[in-house]
Amino acid sequence: MSVALGSFCLMAVAAKELSSEVDTFQVLFFRSLIGLLVITTIIFASRNTASLLKTQRIKLHGLRNSVHFIGQMAWFIGISLLPLAEVFALEFTVPLWTALIAALFLKERLTLKKLLSIAFGFAGVLIIVQPGVKALDIASLEVLAAAIATPLPTHAQNRFPPQSIH
């Protein structure tokens, strides 16, 4: 977990530094290309290559990947425009969106405890973003959009039983 957190922090710092020199689309292209190369290597190194490449839900995979790409784009744009501390604070809304999206799409129950947690979480977001004190910043909305887009692909996958995803 520490290694993952460290790599996310390094990616954020690298994205912040690159944002003044390299276009967001270029950064995302190479990030996606490297990910594709790693996944392709893993697939072809496995013994079940044919079964790993077979799918009956190509549209669902396309939709999930599109939402994920839009979320990445919003995050990278937001990171180029906001201080890193504000980006990370807004990113902590992902669990709030995850709970709400799970309730909407997966019919999970929102208990009083969950609702209070979500309410306090959004109160914290309002303290950070300060919409009444300063003009509502488009960059803050970009990072919030990225935080909303983060759990969507996972919930789209979880909506179907595992055997129907392929």
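Keep in mind the model is a prediction, meaning the values are calculated, not measured.
For Leu115, the side chain to side chain contact (heavy atoms under 4.5 Å, CB included) partners are Leu110, not counting sequence neighbours. For Thr93, the side-chain hydrogen bond (donor to acceptor under 3.5 Å, both in side chains) partners are Trp97, not counting sequence neighbours. With sequence neighbours left out, the side chain to side chain contact (heavy atoms under 4.5 Å, CB included) criterion links Ser2 to no other residue. A search for side chain to side chain contact (heavy atoms under 4.5 Å, CB included) contacts involving Ala149 returns Val67, not counting sequence neighbours. Remark: Thr40 engages Leu36, Phe44 in a side chain to side chain contact (heavy atoms under 4.5 Å, CB included) (not counting sequence neighbours).
Taking the side chain as every heavy atom from C-beta outward, Lys114 and Glu108 approach each other to under 4.5 Å. The shortest distance between side-chain heavy atoms of Val87 and Trp75 falls below 4.5 Å.
Annotation for Phe30: atom CZ does not count as buried by contact number, only 12 or fewer foreign heavy atoms lying within 6.0 Å. Atom CZ of Phe92 has 12 or fewer neighbouring heavy atoms from other residues, nucleotides or ligands inside a 6.0 Å radius.
The minimum heavy-atom distance linking Val143 with Gly78 is given by the pair CG2-CA, 3.7 Å. The minimum heavy-atom distance linking Ser117 with Leu96 is given by the pair O-CD2, 3.9 Å.
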Between side-chain atoms of residues 17-27 and protein atoms elsewhere (two or more places apart, or another chain), which donor-acceptor pairs fall under 3.5 Å?
| unit_1 | atom_1 | unit_2 | atom_2 | d |
| --- | --- | --- | --- | --- |
| Ser19 | OG | Lys16 | O | 2.7 |
| Asp23 | OD2 | Phe25 | N | 3.2 |
| Gln26 | OE1 | Asp23 | N | 3.3 |

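How far CD of Glu142 is from CG of Leu90: 12.0 Å, rounded to the nearest 0.5 Å.
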